[in-house]
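Below: one structure, written as structure tokens.
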Amino acid sequence: RTVTRRRLLGSSAAALGAAGVGAGIYGVAEGGERAQAATGTDTVAWDGPRQAGIATAPPQAHAVFVGLDLLPRVGPAELVGIMKVWTADIARLTQGRPALADTEPELAAAPARLTVTVGFGPGVFAALGRPEAAPPWLAPLPAFAIDRLDPAYTGADLALQVCADDPVTVAHAVRVLVKNVRSLLTVRWTQRGFRRARGTELPGATMRNLMGQVDGTANPEPGTADFDSLVWDDGAGRPWMREGTSMVLRRIRIELDTWDELDRPGRELSVGRTLTTGAPLTGGRETDEPDFTATDRNGIPVIPPSAHIARARHTRSGERIFRRVYNYDDPPAPGQVSNSGLLFVSFQRDITSQFLPIQRRLDEFDALNEWTTPVGSAVFAIPPGAGSGSYIGEGLLG
Ligand code: HEM
């Protein structure tokens, strides 16, 4: 029996039609006044020389990372098609407008600071038949002794980082972006992450990971010259990458059950910072510089040389990276209590000279390794941004 539109909607809902889209739902009350505290209509500019979602601060509360593989028939022309569709979708969705032929246009009315960042894996350059166009650092990371990589979370030809302060917005954007190109791509993995909900803490508070640690203190600050020189590519040798960058995504499982067994002093020594404020063990405030030379009255270093921050600290200024991490907390396997960890995400202009030396030291030794295990790994070149009249990746594909 045919289900009519009228039957599905009911007569009064049908009478409302599409006129109710947006109004009365997101921020604009029936009488036209702005409802208190609705931040769903906030937008982040999508266009410009650099892609959004990297220097966007504070990082949005929710993120989904999607790794996609190109189907064998995809060549240069299809890649251009994918990037044009994505750019058009991004231009509309991030500004609170439905995508073209959006089947759920109401969901687009709350962009909630939506950003979409597109990344190219090595497979893009293979599909183009131009492996020499790829930055030299664009390759799977070397195998580390600490790694227990699951192919289900490793590598991909293309990546989407979709961030917003609202999880419904993120889900809708991911759905639109993926379904519009599904004849050319398959999804290899989807990784969902979160930070504190917007408004839970005062603006400026550094996030906490699920180990309870303040995570993100020693980080270059978006908008500073320091950040710009560490993150954005200058185009030397590869003009199409100018104002682009690289993204490393490591899925790192955290053994919360054994972490629970460690007392507070042990937890603080393993990182080198206090749990209460995130201050270094040698200082009083979160932003104080750690003193790695300080010793106690028995001559023992206050921050152990094996502590995570002692091992991760840069050995030269240009070795720094920008971390923009998210927690994950997925359903545990039967018989397990938790399946949690960190979607470790870092942006840096050069993986080889910035990320790799740090990761090598952590692989060699890091007190945190006892409770953390990398289970997924992928690297991407993040092309520069686009604007109306251009598309993301045009410098390479155009
Ligand atoms: C610092 C946690 C993995 C690089 C920190 C801090 C915490 C932390 C709590 C101190 C506060 C801060 O400055 O943010 C973790 C956890 C990890 C993890 C729980 C895994 C689950 C990694 C990885 C890298 C890394 C894989 C890079 C390869 C750094 C760097 C710092 C840092 C560069 C700043 C060090 C400094 O100069 O003081 N991390 N981290 N971390 N972490 Fe990690």
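Start at 1 and go down the list; that is how both ligands and their atoms are numbered.
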Atom indices of ligand 1, in the order listed, that fall short of 4.0 Å to a heavy atom of R273 = 10 (C), 11 (C)
Using a strict cut-off of 4.0 Å, indicate which atoms of ligand 1 neighbour a heavy atom of M211.
-> 19 (C)
To which protein heavy atom is atom 33 (C) of ligand 1 closest, and what is the distance rounded to 0.1 Å?
-> A312 O, 3.6 Å
Protein heavy-atom partner closest to atom 1 (C) of ligand 1 - residue, atom, separation in Å = R323 NH1, 3.3 Å
Is D363 paired with R360 through a side-chain N to carboxylate O contact shorter than 4.0 Å?
-> no
Is the Y326 ring parallel, tilted or perpendicular to the F65 ring (thresholds 30°, 60°)?
-> perpendicular
heavy-atom search around atom 25 (C) of ligand 1 in the protein gives F344 CE1, 3.5 Å
Let me see the working for L71 and L184 under side-chain contact (heavy atoms from CB on, under 4.5 Å), right down to the final yes or no.
-> CA-CA 6 Å; L71 292 177; L184 301 169; 5.6 Å; no
Using the six-membered ring of F344, assess whether NZ or CZ of R251 lies under 6.0 Å from its centre and within 45 degrees of the ring axis.
-> no
Carboxylate-amine/guanidinium proximity below 4.0 Å for D166 and R113 = no
Would you say R196's side chain and T200's backbone share a donor-acceptor pair under 3.5 angstrom?
-> no
Ionic contact status for K179 with D89, cut-off 4.0 Å | no
Ligand-residue contact atoms, ligand 1 with I309, heavy atoms, under 4.0 Å | 10 (C), 38 (O)
Could you state the interatomic distance from OG1 (T87) to CD (E394), rounded to the nearest 0.5 Å?
-> 8.5 Å
Is there at least one pair of N or O atoms, one from T217 and one from ligand 1, spaced under 3.5 Å apart?
-> yes
For atom 11 (C) of ligand 1, closest protein heavy-atom neighbour | V214 O, 3.4 Å
To the nearest 0.1 Å, how far is atom 43 (Fe) of ligand 1 from its closest protein heavy atom, and which atom is that?
-> H308 NE2, 2.1 Å
So, the side chain of T245 versus the backbone of V231: is there a donor-acceptor pair under 3.5 Å, distance only?
-> yes
Under 4.0 Å from a heavy atom of L362: give me the atoms of ligand 1 that qualify, with their elements.
-> 23 (C), 24 (C), 25 (C), 27 (C), 28 (C)
Is any NZ, NE, NH1 or NH2 atom of the basic residue among R175 and E104 found under 4.0 Å from an Asp or Glu carboxylate oxygen of the other?
-> no
Return the residue, atom name and 0.1 Å-rounded distance of the protein heavy atom closest to atom 2 (C) of ligand 1.
-> D215 OD2, 3.5 Å
N/O separation below 3.5 Å, L342 to ligand 1 | no
Atom 13 (O) of ligand 1: closest protein heavy atom, distance to 0.1 Å, is A218 N, 2.8 Å
Top protein contact for atom 37 (O) of ligand 1, by heavy-atom distance | R313 NE, 2.7 Å
Where ligand 1 meets I252 - atom numbers and elements under 4.0 angstrom, heavy-atom basis = 20 (C), 21 (C), 26 (C)
Contact atoms of ligand 1, heavy-atom distance to Q213 under 4.0 Å | 2 (C), 9 (C), 19 (C)
